[in-house]
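Structure first, then comments.
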Amino acid sequence: MDFCDLRRQYSFLRKPIDESIAKVLEHGLFINGPEIKELEEKLGNYVGKHAVAVSSGTDALLVSLMALDIKPGDYVVTVPFTFAANVETILMLGAKPLFVDINPDDFMIDADKLTHFLENPVDPKTKEKIESGRIKAMIIVDLYGDIADYEKIEELAKKHNIMLIEDAAQAFGAEANGKKAGAYGDIALTSFFPSKPLGGYGDGGMVFTGDANMAEKIRKIRNHGQEGKYIHEIFGMNFRMDTLQAAVILAKFNEFDNELEKRRKVAAFYDENLKELEDKGVLKLPRIKENNKSAYAQYSILAENREEFVKHLREKDIPSAIHYPKALHLQNAFSDTGYVSGDFPMAEEISGKIISLPLDAYKTEEELGEICKAIKDFY
Ligand SMILES: *Cc1c(COP(=O)(O)O)cnc(C)c1O
């Protein structure tokens with residue numbers, strides 16, 4: 001059994017994917033071919049924003065920060081419990097990450113802690129108060145395919161005059177009150193890393209914004225800041241998605257809503273079959289907010305005695321993954337940010353207990369039953 005079976009997905013979608021790739025090989029426009037624009041239009045319509053295709057989710061974060069003119073010395077608020085790309089891109093621009101801890105329900109940013117932090121923000125290194133206006137942006141992460149609590153977050157961003165970036169790398173396809181992931185904040189982004197809910201066959205990302213001028217600026221940044229050929233209007237680089245990747249994603253996008261339904265069915269199967277273990281207090285299952293529909297990038301649970309549990313699953317040939325084993329403020333690569341162990345107790349606790357179960361749109365009931373049985377056997 002694969003944790004996320006991309007080969008099986010290909011066996012179902014082979015024909016449209018092969019045809020879409022073949023079209024690119026025929027027309028030969030490997031950079032900026034027509035599939036790029038088609039993908040931007042389709043995904044832009046889906047989300048209800050302007051869309052700009054880029055080379056990866058990480059680059060989408062970098063481009064978003066560049067588009068907001070984040071400069072050395074600026075502060076950017078984000079979470080310590082996610083994939084590392086948020087911190088990397090902030091540091092890449094010479095800016096300083098400020099972490100706010102996560103909440104124990106959905107493991108995304110704790111809106112109350114954020115409220116409190118923004119009232120009296122302090123530099124983690126100097127311990128001095130941060131003057132108002134120096135926090136330029138927030139990168140809020142939609143974890144595991146669900147959407148963060150943007151009602152409160154957008155209000156705070158407005159109140160403190162901070163630009164808001166929605167990192168929907170894991171949440172493309174999700175909805176909150178009928179509004180799609182990628183539609184929040186000043187700029188939003190997603191990733192097409194192969195195992196994401198809408199994955200390509202390589203790296204790719206998309207930036208979304210409701211602001212047409214901002215979309216134009218992002219288009220320039222991704223193409224060396226060019227206004228016309230060899231006329232470099234603003235600072236940019238090569239952040240382009242290639243046409244072949246767009247062709248793959250376009251073919252998969254036709255099936256995407258069906259696949260989302262299937263992912264939700266897998267999650268519902270786990271919910272139903274593992275509930276008794278939650279009632280016993282040995283597992284904690286995902287909490288999706290009432291009006292939200294998760295894209296279930298992951299089905300991640302808190303598990304007692306995780307290391308033994310993983311070993312038991314491995315013995316039964318059941319793969320699992322840990323998203324994420326070490327909070328970002330404790331990572332060696334980011335030790336210069338000024339944070340220490342104990343600063344974010346929730347992120348630290350959750351990283352010791354979280355575990356993701358196998359999930360893709362094509363898992364069979366038989367496989368899911370086998371997984372749940374192995375889990376019940378252990379507990
Ligand atoms: C995957 C991911 C990214 C990075 O996307 P890539 O396409 O792998 O560069 C950024 N943020 C989050 C939350 C992610 O899960």
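When a residue number appears, it is its place in the shown sequence, counting from 1. All heavy atoms count here, side chains included; hydrogens, waters and symmetry mates do not. Order of listing sets the numbers, starting from 1, for every ligand and every atom in it.
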Between Lys280 (side chain only) and Lys275 (backbone N and O only), is there a donor and an acceptor less than 3.5 Å apart?
no

What do you reckon, does Lys196 have a nitrogen or oxygen under 3.5 Å from a nitrogen or oxygen of ligand 1?
yes

Ligand 1 atoms in contact with Gln170 (distance to a heavy atom under 4.0 Å):
13 (C), 14 (C), 15 (O)

Donor-acceptor pair, distance only, cut-off 3.5 Å: does the side chain of Asp142 make one with the backbone of Ala148?
yes

Looking only at heavy atoms, is any part of Val141 under 4.0 Å from ligand 1, and if so is it the side chain, the backbone, or both, or is it neither?
side chain

To which protein heavy atom is atom 9 (O) of ligand 1 closest, and what is the distance rounded to 0.1 Å?
Thr58 OG1, 2.5 Å

Around atom 8 (O) of ligand 1, find the nearest protein heavy atom and jot down its residue, atom name and distance.
Phe193 CD1, 3.7 Å

Please round to the nearest 0.5 Å and tell me the distance separating atom CZ of Phe239 and atom CG of Asn223.
11.0 Å

Any N/O pair Asp167/ligand 1 closer than 3.5 Å
yes

Look at the side-chain heavy atoms of Ile, Leu, Val, Met, Phe, Trp and Tyr, link any pair under 4.5 Å apart, and say whether Phe83 and Phe193 land in one connected group.
no

Which atoms of ligand 1 sit under 4.0 Å from any heavy atom of Thr82?
13 (C)

Are the side chain of Arg240 and the backbone of Val54 linked by a donor-acceptor contact shorter than 3.5 Å?
no

Sub-3.5 Å N/O-N/O distance, Gly57 and ligand 1
yes

Which of the ligand 1 atoms, numbered from 1, are nearer than 4.0 Å to a heavy atom of Ser191
5 (O), 6 (P), 7 (O)

If we ignore angles and hydrogens, is there a donor and acceptor under 3.5 Å between the side chains of Tyr10 and Asp18?
yes

Is it the case that the side chains of Tyr362 and Glu259 hold a donor-acceptor pair, with the cut-off being a distance below 3.5 Å and no angle test?
yes

